[in-house]
Amino acid sequence: MELDDVNTITVLGAGNMGHGIAEVAAIAGYDVYMRDIKEEFVQNGYDQIEWSLGKLAEREQLPEEEADAALERVTPVVDMEEAVSNCDFLIEAVPEQMEIKKDVYGEVAQYAPEHAVFATNTSSLSITELSEVTERPERFCGMHFFNPPVRMPLVEVISGAHTAEETLELTEALAEDLDKTPVRVHKDSPGFIVNRVLVPLMNEAAWLVHDGVATVAEVDSTTKYEMGHPMGAFELTDQVGADVGYHVLEYMYETLGDAYEPCPVLVEKVENEELGKKTGKGFYDYENGGVEIPADAGSEEVERRLLAAMANEVAKLIGNDVADADAIDEAVKLGLGYPDGPAKMADEYGLEALHETLDELYEETGEPRYEPADYLRERAEAGGFHEQETGDDEYDYDTIEVEIDGRVARVTIDRPHRMNTVTAEMVEEIDDALDRLAEDDEARALLLTGAGDRAFSTGFDASTASAASGIEAAELSRLGQRVFGRLEELPMPVVAAIDGYCLGGGMELAACADMRIASERARFGQPEHNLGLMPGWGGTQRLPRIVGEGRAKEIIFTARNDYEPGTMADYGFVNEVVENDGIEERAWELARDLAAGPPIAQKFTKRAMLAGRDDVDAGLELEASAFGHLFTTDDLWEGLSAFQDDREPEFEGE
């Protein structure tokens, strides 16, 4: 079956995951049957979809007419035959218990069409075991969405022992059509990728507290402020629910062995029903202050041991052919919002040192969780999980992508899982890319974009910075000022195509472009004052020159993050506003038009404008001398000849 053959999707379960998946499918244009065992459950799920679609329309993330049409495509039902008899693709999202899921598939088999593909949204249970209760194990796979499905981009596509390649390819294609990023899990293994990394990490955090190595505050300070995780380890446990992680861990313990023994600290929380936010108390007391994580209580010992635990799980996944290092990194970044993937983090810390950490702990304690995987030893000796780069690809970066299409170089801020936030590493990679582009004869214009449609960039990723001194912060500011400013000095036109949020340092980066175009859903702002900060990458200087001092002070002092593109066009910051669906095409069109221009004249024009900002006389002098120089170029005579012949000039930069 091909993707074009999928018209009707059935979602079994109307809870948080079920109604979220149903909403995603309806937005993508599929007819959806959403089924649960009671009318009240189904109606509640339907009401949640209606509310969510309304919010998307209210925030202009989805046109109101499309939101209404999506809701019309959802049919809430209780009767199983009605739910599945016409489905092409079935996604099961019932409670995470093997027997419940098996019972559901037994009933589904009575009514589902022969051609229908089954996918389970399980986060850890065996795909193979579930598939074997159906009569179509080759058309059965895992399709693990992340909560909330409407916002989270990742879908793990998991192969069971009997799953046909055709089924996996169809499921990946469907995930992409739902505007998700599928990551293939090649082998049915408990926890798959994300939970296989996360849950043992959370368990090890609990063991650190249990063994007196660290406090909850020290663990959370380390994970949040030193390692750059969106939440502290225990903060996340409380957010998800201690019982949720515990049940996954318990399943791993039963299937994978003693290395996954649940920590007594975690067991005690579950037994006492101190599950986190949903019960009012977990590792933090939500009725008495809630989460308080000190920014300066990080521990190198905690970081080393947690990284070692993650590295060991990564090694087990790769060594058992579940997934490769790149897939693991992508899945964890998309699914957990980590600034980098665990394989890359381990490589950067030093895989040999992490292997030694586990060796020492295993020898000292004899605990199975510290026994290093064979593949970890192998990769430690090889220097890391990732193969060493050969240097053949001069535009190979981790946080940005650079491509050259014709005469246009495109630099994409490539951290969509973190709203394309900027890190010190990214600034250094942009600096290196600009060095290379300045010497690249192919590039005549630069197009600056952000990956995805949620954000051009929402500014600096504070989670990647530890509690820094004032001197270190000032140096980071100077680095950003210098590198971003290079866009103004680059001897070619620079276009920033802004889709989604453009905030803080992201707006400062866009301000360095020569021209800015924005989609209708773009939103702007300099919200640094909300954090007790100020723009630090040139915003106090460039923004007033573009929009005027009064408007710049308004934008910075109000610290809003919701300026609309029409307003920013009126202020003079945005040159052109285009429809959401047209931003990509228009950006390339403009960049290609500029790339066809006279490169020498463009270079001197930028230089004269830049020189004249602080010294008009210097700018005028440069303008005059450059004007004279242009009369000696072949481009001038090509331009005059093309004008006389009524044709488009072909400038060669000579």
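What you see is a predicted model, and the numbers here were worked out from it, not measured in a lab. The first residue in the sequence is number 1, and the count goes up from there.
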Salt bridge or not for [X] and [Y], using N-O below 4.0 Å?
{"X": "Asp405", "Y": "Arg410", "value": "no"}
{"X": "Glu58", "Y": "Lys55", "value": "yes"}
{"X": "Lys333", "Y": "Asp329", "value": "no"}
{"X": "Glu576", "Y": "Arg586", "value": "yes"}
{"X": "Arg59", "Y": "Glu564", "value": "no"}
{"X": "Lys180", "Y": "Glu176", "value": "no"}

| request: Determine, step by step, whether Ile517 and Val577 satisfy the side chain to side chain contact (heavy atoms under 4.5 Å, CB included) criterion, reporting the C-alpha distance in whole Å, the side-chain angles of both residues, the deciding distance to 0.1 Å, and the verdict. | output: CA-CA 6 Å; Ile517 64 173; Val577 180; over 6 Å; no
| request: Identify, with sequence neighbours excluded, every residue that meets side chain to side chain contact (heavy atoms under 4.5 Å, CB included) alongside Ala552. | output: Leu543, Pro544, Val547
| note | Residues passing the side chain to side chain contact (heavy atoms under 4.5 Å, CB included) test with Gln541, sequence neighbours excluded, are Arg545
[atom2] on [Y] to [atom1] on [X], rounded to 0.5 Å:
{"X": "Leu434", "Y": "Phe484", "atom1": "CG", "atom2": "CZ", "result": "10.5 Å"}
{"X": "Leu446", "Y": "Thr449", "atom1": "CG", "atom2": "OG1", "result": "9.5 Å"}
{"X": "Glu156", "Y": "Leu334", "atom1": "CD", "atom2": "CG", "result": "10.5 Å"}
{"X": "Thr421", "Y": "Asp461", "atom1": "OG1", "atom2": "CG", "result": "3.5 Å"}
{"X": "Leu533", "Y": "Gln526", "atom1": "CG", "atom2": "CD", "result": "12.0 Å"}
{"X": "Thr412", "Y": "Leu448", "atom1": "OG1", "atom2": "CG", "result": "8.0 Å"}

| Can you check whether Asp414 reaches Thr399 side chain to side chain, under 4.5 Å on heavy atoms? | no
| Heavy-atom check, side chain of Leu306 versus side chain of Met310, under 4.5 Å | no
Would you name the heavy atoms of [X] and [Y] that are closest together and state the gap between them?
{"X": "His229", "Y": "Pro339", "answer": "N-CD, 4.4 Å"}
{"X": "Gly228", "Y": "Arg418", "answer": "O-NH2, 3.6 Å"}
{"X": "His386", "Y": "Ala343", "answer": "NE2-CB, 3.7 Å"}
{"X": "Ser221", "Y": "Gly298", "answer": "OG-N, 3.2 Å"}
{"X": "Leu503", "Y": "Pro527", "answer": "CB-CD, 4.3 Å"}
{"X": "Ala331", "Y": "Ile193", "answer": "CB-CG2, 3.7 Å"}

Donor-acceptor contact present, side-chain [X] to main-chain [Y], <3.5 Å:
{"X": "Asn420", "Y": "Ala451", "answer": "yes"}
{"X": "Trp537", "Y": "Met507", "answer": "no"}
{"X": "Arg516", "Y": "Ala510", "answer": "yes"}
{"X": "Glu621", "Y": "Ala618", "answer": "no"}

| message | Suppose we screen for ring-ring contact (aromatic ring centres under 6.0 Å, His included). Which residues come up paired with His186, at least two apart in sequence or across chains? | response | none
Would the number of heavy atoms belonging to other residues, nucleotides or ligands and lying under 6.0 Å from [atom1] of [X] be above 12?
{"X": "Glu64", "atom1": "CD", "answer": "no"}
{"X": "Glu378", "atom1": "CD", "answer": "yes"}
{"X": "Asp179", "atom1": "CG", "answer": "no"}
{"X": "Glu300", "atom1": "CD", "answer": "yes"}

| request: Verify side chain to side chain contact (heavy atoms under 4.5 Å, CB included) between Ile498 and Phe524, making sure each step is shown before the conclusion. | output: CA-CA 9 Å; Ile498 300 162; Phe524 299 82; 3.6 Å; yes
| Going by the side chain to side chain donor-acceptor pair (under 3.5 Å) test, which pairs reach into residues 596-610, not counting sequence neighbours? | Asp514-Lys606
| task | Only pairs at least two apart or in different chains count here, so list each side chain to side chain donor-acceptor pair (under 3.5 Å) that has a residue in residues 478-507. | result | Asp431-Arg482, Asp431-Arg486, Asp435-Arg486, Glu475-Arg478, Ser477-Gln481, Glu488-Arg542, Glu488-Arg613, Asp499-Ser519, Asp499-Arg521
| Passes side chain to side chain contact (heavy atoms under 4.5 Å, CB included), Asp340 versus Glu425? Steps please. | CA-CA 11 Å; Asp340 287 311; Glu425 179 189 10; 4.3 Å; yes
| For Glu520 and Val578, what are the C-alpha separation, side-chain angles and deciding distance, and is it a side chain to side chain contact (heavy atoms under 4.5 Å, CB included)? | CA-CA 6 Å; Glu520 293 175 339; Val578 299; over 6 Å; no
| query | Does one side chain, of Asp432 or Tyr397, offer a donor that lies under 3.5 Å from an acceptor on the other? | reply | yes
| said: Under 3.5 Å, is there a donor on one side chain and an acceptor on the other for Tyr571 and Glu554? | reply: yes
| request: Would you please classify the geometry between the Phe557 ring and the His529 ring as parallel, tilted or perpendicular, with 30° and 60° separating the classes? | output: tilted
| task | Apply the test salt bridge (Lys or Arg N to Asp or Glu O under 4.0 Å) to residues Arg184 and Glu172: give CA-CA distance (whole Å), side-chain angles for both, the deciding distance (0.1 Å), then the verdict. | result | CA-CA 8 Å; Arg184 177 79 70 93; Glu172 288 175 327; 2.8 Å; yes
| Summary of ring-ring contact (aromatic ring centres under 6.0 Å, His included) pairs that have at least one residue in residues 602-626, sequence neighbours excluded | Phe604-His629
| message | Could you tell me if Arg523 sits above the aromatic ring of Tyr563, with its cationic atom closer than 6.0 Å to the ring centre and no more than 45 degrees from the axis? | response | no
